[in-house]
2 protein chains.
Amino acid sequence: MNSEFIIAVHSLVLLAHKPDGMASSEEIAANVCTHPARVRKVLGFLRKNGYVTTREGSGGGYRLCIDPSDMTLADIYRTMAAGAIKPNWCSGNPDMDCMVGSNMQEVMNDVFCGAEKQLESYFQGITIGQMLSRIKACQKT
Amino acid sequence: MNSEFIIAVHSLVLLAHKPDGMASSEEIAANVCTHPARVRKVLGFLRKNGYVTTREGSGGGYRLCIDPSDMTLADIYRTMAAGAIKPNWCSGNPDMDCMVGSNMQEVMNDVFCGAEKQLESYFQGITIGQMLSRIKACQKT
DNA sequence: TCCAACTGTAACTGTTAATATTACAGTAAC
DNA sequence: GTTACTGTAATATTAACAGTTACAGTTGGA
């Protein structure tokens, strides 16, 4: 799994938690524990997909523009990490003479496509709002 | 996802397909498209978990010792790639002052554990025997 | 109008993980 | 005892990933 998915989710939860729903890349990076440039890259994707708005210049930053309970991890997965569970390495070779070796890539591909759908349906059931609730629950205990 | 999972599945399907259910690391490696030493490593794991038997020395090799229709991808996943969908990178830090940053690791971990279970239940529904059937179906078309 | 605080991007570096390769000891069949 | 294997460790080699630097473009306010 792509770690940009994690950065995206963490950033959105943080924005949902902030009273004014806004933060700079520097503030988010400190919370996520990474470099501001990386946060800007990830949140740039989220902006292009309509999850946040950005304001450049002094006093600028990122702001959530969707209700946290309407945003699922599946949306973010599709945006940031689609196809991430399938390994980039693959076995066999379609030009091969053997039935197994020549068709394995196609069959394996189908298997991972199914796995991806399964994963997406799981992520579909978790919203950013729920993530925030879970974090609050952690805090109490 | 770990590519050793793919090598394991491919090797087992190949063994299931062979009339005598047997092959050497060299033969398997040529079919999978990797190095024999890698195949030996992966099939060593499978031997330790009781899926294949090996015979050293001349005329030796690997032999399937479980019915292909009793062996699911979930078994292989647990053996070769457990925990593979969770990224090794993680955001936040438990020692942090912020509620979001300090609890994100734990919540994210729970999310990925759930995802893993979901994936395993999907793999549970696919056997090595079915993989071979799918490959035969590919061949016909 | 200039300065300070931001985002947007691209280029580059360093580090880690994945894969390939080599090597050789151990084992079994002929 | 020679040949054909597995088992395993060590060592390249390569690709992926995260971190960093740099700078142009934008905005708000002194």
Side-chain angles (χ1 to χ4, degrees), chain A residues 1-8 10-11 15 18 20-49 51-65 80-81 83-93, chain B residues 1-8 10-11 15 18 20-49 51-65 80-81 83-93:
Chain A
M1 173 78 59
N2 198 328
S3 66
E4 294 191 347
F5 172 77
I6 291 183
I7 295 175
H10 189 140
S11 301
L15 289 176
K18 298 214 73 173
D20 57 354
M22 210 172 171
S24 70
S25 65
E26 194 170 354
E27 186 180 353
I28 297 171
N31 202 274
V32 168
C33 296
T34 186
H35 205 274
R38 226 182 149 202
V39 170
R40 291 201 286 271
K41 190 184 165 200
V42 170
L43 270 68
F45 272 103
L46 296 180
R47 172 176 53 81
K48 283 169 193 160
N49 283 273
Y51 301 126
V52 298
T53 54
T54 64
R55 209 171 65 221
E56 298 186 11
S58 178
Y62 300 87
R63 161 171 282 142
L64 209 57
C65 66
M80 305 302 306
I85 54 166
K86 185 177 153 201
N88 20 23
W89 193 92
C90 68
S91 73
N93 180 344
Chain B
M1 174 78 57
N2 198 329
S3 65
E4 294 191 348
F5 172 77
I6 290 183
I7 294 174
H10 190 142
S11 303
L15 289 176
K18 297 214 73 175
D20 57 353
M22 212 171 171
S24 70
S25 66
E26 194 170 354
E27 186 181 352
I28 297 171
N31 202 274
V32 168
C33 298
T34 187
H35 205 274
R38 220 178 156 206
V39 170
R40 291 202 287 272
K41 189 185 166 201
V42 169
L43 269 67
F45 271 104
L46 295 180
R47 172 176 54 81
K48 283 169 193 159
N49 284 274
Y51 301 126
V52 298
T53 54
T54 65
R55 209 171 67 221
E56 298 185 10
S58 178
Y62 301 88
R63 162 170 282 142
L64 209 56
C65 67
M80 305 302 306
I85 53 166
K86 185 178 152 200
N88 20 23
W89 193 92
C90 70
S91 73
N93 181 345

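Per chain, numbering begins at 1; letters A, B, ... match sequence-line order.
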Residues Glu27(B), Lys18(B): salt bridge by 4.0 Å N-O rule: yes

Separation of dT11(D) C1' from Arg38(B) CZ (nearest whole Å): 16 Å

Which atom names give the shortest non-hydrogen contact between Ser24(A) and Tyr62(A), and what distance separates them? C-CD1, 4.4 Å

His35(B) NE2 to dT11(D) P: how many Å, rounded? 17 Å

Round to the nearest Å and state the distance from Phe45(B) atom CZ to dT6(D) atom P. 17 Å

Would you mind reading off the distance between Glu4(B) atom CD and dA17(C) atom P, rounded to a whole angstrom? 15 Å

Heavy-atom closest contact (Ala81(B) atom, Asn2(B) atom, distance): CB-CB, 3.7 Å

Looking only at heavy atoms, what is the nearest atom pair of His10(B) and Ser91(A), with distance? ND1-OG, 2.6 Å

Atom CG of Asn88(B) to atom C1' of dG19(D): distance rounded to whole Å? 16 Å

In whole angstroms, the gap separating C1' of dA20(C) from CD1 of Ile7(B) amounts to 11 Å

Within the 4.5 Å heavy-atom criterion, are Leu46(B) and Leu43(B) side-chain neighbours or not? yes

Note, Trp89(A) side chain near Ile6(B) side chain (heavy atom, < 4.5 Å): yes

Would you compute the distance between atom CE of Met22(B) and atom OG1 of Thr53(B) and round it to the nearest 0.5 angstrom? 7.0 Å

Take nucleotides 8-15 of chain C nucleotide by nucleotide from the 5' end and write B, S or -, depending on whether a protein heavy atom sits under 4.0 Å from the base, only from the sugar-phosphate, or from neither. BB------

To the nearest angstrom, the CG-C1' distance between Leu46(B) and dT6(D) comes to 14 Å

side-chain contact (heavy atoms from CB on, under 4.5 Å) for Arg38(A) and Ser3(A)? Distances and angles first, verdict last. CA-CA 11 Å; Arg38(A) 226 182 149 202; Ser3(A) 66; 3.0 Å; yes

If only side-chain N and O atoms of Trp89(A) are considered, is one of them under 4.0 Å from the OP1 or OP2 phosphate oxygen of dA20(C)? yes

Check the pair Val52(B) / Arg63(B) against side-chain contact (heavy atoms from CB on, under 4.5 Å), numbers first and verdict last. CA-CA 5 Å; Val52(B) 298; Arg63(B) 162 170 282 142; over 6 Å; no

Here the residues of residues 24-32 of chain A within 4.0 Å heavy-atom distance, strictly under, of DNA chain C are Ser24(A), Ser25(A)

Ser58(B) or Arg55(A): which one's nearest nucleotide on DNA chain D is closer to the 5' end? Ser58(B)

Grab the CE-C1' distance between Met22(B) and dA28(C) for me, whole Å please. 12 Å

